[in-house]
Student: 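One structure, pasted below without further comment.
Atoms considered below: every heavy atom in the structure, side chains included; atoms not considered: hydrogens, waters and symmetry mates. None of the values given here were measured: they were computed from a predicted structure. Just so we're on the same page: letters track the sequence lines, and every chain starts at 1.
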There are 2 protein chains.
Amino acid sequence: MTVLSLHQLTCFLATYEQGSLTAAAEELGYAQPSVSEQVRALEKTLGVELFRRVGRGVVPTTVADELRPHAERVLGSVEEARKAVQSAKSFETGTIRFGMFGTARLYAGAGLVADVLARYPGVRVELIGQNSTDVQEELRRGRLEAAMIAVPQMGSEGLEFTPVARDELVYISADPARLETPVSAHRLSLASLVMPETTWRAVDSTRLVLRQMLHETGRNPQTRIEVEDVETAVELVGMGLADSVIPRGAAEQLLPRLAPAAGWVSLRPRQYDTLAIVHRAGATLSPAARLMIELATARINSIVHPEMG
Amino acid sequence: MTVLSLHQLTCFLATYEQGSLTAAAEELGYAQPSVSEQVRALEKTLGVELFRRVGRGVVPTTVADELRPHAERVLGSVEEARKAVQSAKSFETGTIRFGMFGTARLYAGAGLVADVLARYPGVRVELIGQNSTDVQEELRRGRLEAAMIAVPQMGSEGLEFTPVARDELVYISADPARLETPVSAHRLSLASLVMPETTWRAVDSTRLVLRQMLHETGRNPQTRIEVEDVETAVELVGMGLADSVIPRGAAEQLLPRLAPAAGWVSLRPRQYDTLAIVHRAGATLSPAARLMIELATARINSIVHPEMG
DNA sequence: ACATGCTATAGGTAAGTCCTATCGATCGTG
DNA sequence: CACGATCGATAGGACTTACCTATAGCATGT
């Protein structure tokens, strides 16, 4: 026993409109017995006579009159579905979802959304990045296809990283005396620090850089305060409660707004943080993801120093 | 290359809701590879990735998010279509079309509609019978499945007739003097008559009866006025412009309303008109048609003398 | 490292799709 | 009234699709 199908409805409608199986077959590009078979199958699945075979041609029954608008609605909905998918595929509509967290969002957050909307006015944009833990989870679970981040080191836990830019790490403080000369490893080891990205502390690239820097002096980094987001860290610096080390792009954006009294100075030797695309290892990226990567990279490179090689 | 199908949408929705091909297969009662194949086919026909295969389970893409409501609408419409057909099949809704013309509608017209609506409150009823020519055409073309008529003789032009009742033919006049005794063939041949059913005059059963009756006297019927419907004939009789011969049931219904001054009397010998079901020869009747025949027969038998054997 | 739970693949059978060829019935015509 | 034209139904066969079982491959959690 066959089941109701779109093909049957198509043949039914063509037959209804043409009043003839032969004409319907011609319209649909089939042989006449094929259409006849489909209509008969539809009548069998519905258990009702749709056409009265009357000498020359066929005549719809009242049940066929009843069915026709429904059949039209079904086929119309199918067409709408197909169009919706096609337009979503070509970014005329639909949603583009991308991860953007850590300090990366400071560089490419709002501006990246603007870039996407300028090029594809119909799309919705979801920039996922409330907190690092969630984003990591979404990436791992596959709900997020790709993300741009500033923090973790390369190659952890089945994820694949592609560096796109680097940004200098600077020392920020509300005490002008500490900003007169570049900060050495020794001075850094004595400082009282507030550091963001607590959740990612084990893999945070800023911390990794600092650890390597301090390792040469035989000391561990002194983090007096741990917070989750950079804004909070900067505010604490502005209040004079601690100093911190953050990417320069973040300092330029956040200090005037959140800590007007604070300033920044380079480390000595200069250290750099890496911005990278991260996605599941071995994944082939969708057009939407590739688009976001392209736009995000372009925007970041217009702010920080582009990665060489 | 396969084409978009309802089956694919069903599998897609189940997979979307379950977040798993295996779970979807279990829900649908299929083996897992079958659902997998359908989803893959849908992705191929749409040319887009709907799920990201990620280790344990599958995760819908944003295009799948876009497709889901459309797929639900399509399947919903299909369900509606199926329900509409089922309810039309069982007379809960839909249209019942039946032919009812000649003088038959005087007996069973409004009352028959009332009978149908009393038993099946949801249906629409179409009682086709504006004029005999149209109805004959609709029957021949198959648009009308069956009809109940009072006029034509049996067995003409590929149609099949089934008698269900007979009604006495009576002589009507506005002149009381002509109603004192039953009208003989001789008196009838002298009368000035108005006769309805002009279009069917060659096969009209009333006229056939009269012709046979008069043939015995060697005369032809004298129709002074020809009209299409019985009401007009009765009105003319009421105005004293002519007399007529019509079924008794029609006389009882129409005289008080349209010709209060007129009355009726039997013929001598009494003559009878036949009410019959007519449909295309060799046709198998639909439930709707059988229902109408049953109800029409019951109603007519409650008015005129039932046909014996 | 192992068991587990999921998807992908392979291969075979049943069923459906669509064709060509032909029959039967109907309708208009000479 | 026989004729050709037209349309739907039927038969039979080539091809495709649907669906199954069995199993491999991979990711995940203990």
Side-chain angles (χ1 to χ4, degrees), chain A residues 1-12 14-16 18-45 49-60 136-137 139-143 157-160 279-284, chain B residues 1-12 14-16 18-45 49-60 137 139-142 157-159 280-284:
Chain A
M1 183 62 180
T2 181
V3 82
L4 194 145
S5 76
L6 292 176
H7 203 172
Q8 291 169 4
L9 292 182
T10 305
C11 291
F12 163 75
T15 304
Y16 188 100
Q18 300 282 341
S20 151
L21 290 167
T22 303
E26 186 168 0
E27 176 191 321
L28 297 175
Y30 293 129
Q32 170 259 318
S34 303
V35 177
S36 181
E37 187 178 358
Q38 293 302 319
V39 171
R40 189 180 313 279
L42 180 58
E43 287 178 322
K44 191 178 169 192
T45 66
E49 187 186 32
L50 293 172
F51 296 98
R52 213 163 295 126
R53 276 71 168 177
V54 44
R56 185 91 57 144
V58 293
V59 178
Q136 187 183 20
E137 203 56 17
L139 261 177
R140 226 171 44 82
R141 297 270 162 101
R143 190 167 146 67
E157 9 188 332
L159 297 180
E160 190 174 319
H279 54 79
R280 298 174 56 87
T284 62
Chain B
M1 183 61 180
T2 181
V3 81
L4 194 144
S5 75
L6 292 176
H7 204 169
Q8 290 169 4
L9 292 182
T10 305
C11 292
F12 163 75
T15 305
Y16 188 100
Q18 300 283 341
S20 150
L21 290 168
T22 302
E26 184 168 1
E27 176 191 321
L28 297 175
Y30 293 128
Q32 169 260 318
S34 303
V35 177
S36 181
E37 186 179 357
Q38 294 302 319
V39 171
R40 189 180 314 279
L42 180 58
E43 288 179 322
K44 190 177 168 193
T45 67
E49 188 186 32
L50 292 173
F51 295 98
R52 214 162 296 127
R53 275 72 168 177
V54 44
R56 184 93 57 142
V58 294
V59 178
E137 203 56 17
L139 263 177
R140 225 171 46 83
R141 296 270 163 101
E157 9 190 331
L159 297 181
R280 297 174 56 87
T284 61

Student: Between A:Leu28, A:Leu21, A:Leu6, which is the residue that forms a side-chain contact (heavy atoms from CB on, under 4.5 Å) with A:Cys11?
Tutor: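 Only match with A:Cys11 under side-chain contact (heavy atoms from CB on, under 4.5 Å): A:Leu28.
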Student: To the nearest angstrom, how far is B:Arg52 atom CZ from C:dT7 atom C1'?
Tutor: 16 Å
Student: Rounded to the Å, how far apart are A:Gln32 CD and D:dT10 P?
Tutor: 11 Å
Student: Nearest-Å distance, CG (A:Leu28) to C1' (C:dC19)?
Tutor: 15 Å
Student: Mind listing the closest non-hydrogen atom pair of A:Val35 and A:Ala24 along with its distance?
Tutor: CG1-CB, 4.2 Å
Student: How sharply is the helix from C:dA1-D:dT30 to C:dG30-D:dC1 bent, taking the axes over five pairs at either end and rounding to 10 degrees?
Tutor: 20°
Student: On a heavy-atom basis, which atom in A:Thr2 and which in A:Gln8 lie closest, and how many Å separate them?
Tutor: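 Closest approach of A:Thr2 to A:Gln8, heavy atoms only: OG1-NE2, 3.9 Å.
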Student: Quick test: give all pairs of protein nitrogen or oxygen and nucleotides 4-6 of chain C nitrogen or oxygen below 3.5 Å, distance rounded to 0.1 Å.
Tutor:
{"residue": "C:dG5", "atom": "O4'", "partner": "B:Arg56", "partner atom": "NH1", "Å": "2.6"}

Student: Nearest heavy-atom pair of A:Leu4 and A:Leu9: which atoms, and what distance?
Tutor: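 Heavy atoms of A:Leu4 and A:Leu9 come nearest at CD2-CD1, 4.2 Å.
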Student: Crowded around A:Glu49 CD? As in, over 12 foreign heavy atoms under 6.0 Å?
Tutor: yes
Student: Using OP1 and OP2 only, check whether a side-chain N or O of A:Arg53 sits under 4.0 Å from D:dC7.
Tutor: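 Result: no.
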Student: Taking all non-hydrogen atoms of both residues into account, name the closest pair between B:Phe51 and B:Val39 and its distance.
Tutor: CD1-CG1, 3.7 Å
Student: Measuring only between side-chain heavy atoms, which start at C-beta, is A:His7 closer than 4.5 Å to B:Val3?
Tutor: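 With C-beta onward as the side chain, the pair stays apart.
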Student: More than 12 non-hydrogen atoms from neighbouring residues, nucleotides or ligands closer than 6.0 Å to CD on A:Gln32, yes or no?
Tutor: yes
Student: Please give me the minimum heavy-atom distance between A:Glu43 and A:Leu50, naming the atom from each residue.
Tutor: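 Scanning both residues completely, I find the closest heavy atoms to be OE2-N, 2.8 Å.
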Student: Send over the distance from B:Leu6 CG to D:dA18 P, rounded to a whole Å.
Tutor: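 Value for this atom pair: 12 Å.
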Student: Output the rounded distance in Å from CD (B:Glu26) to P (D:dC20).
Tutor: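 Those two atoms, CD and P, are 13 Å apart.
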Student: Looking at side-chain heavy atoms only, is the closest gap between A:Ser36 and A:Arg40 below 4.5 Å?
Tutor: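 Touching, per the 4.5 Å side-chain cut-off.
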Student: Once each nucleotide of nucleotides 10-18 of chain C is scored for protein heavy atoms under 4.0 Å, what B/S/- sequence comes out, 5' to 3'?
Tutor: ------SBB
Student: Of the non-hydrogen atoms in A:Thr45 and A:Leu42, which two are nearest, and what is the gap between them?
Tutor: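 Taking A:Thr45 first and A:Leu42 second, the nearest heavy atoms are OG1-O, 3.0 Å.
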Student: In terms of the nearest nucleotide of DNA chain D, which residue is placed more toward the 5' end: B:Cys11 or A:Arg280?
Tutor: B:Cys11
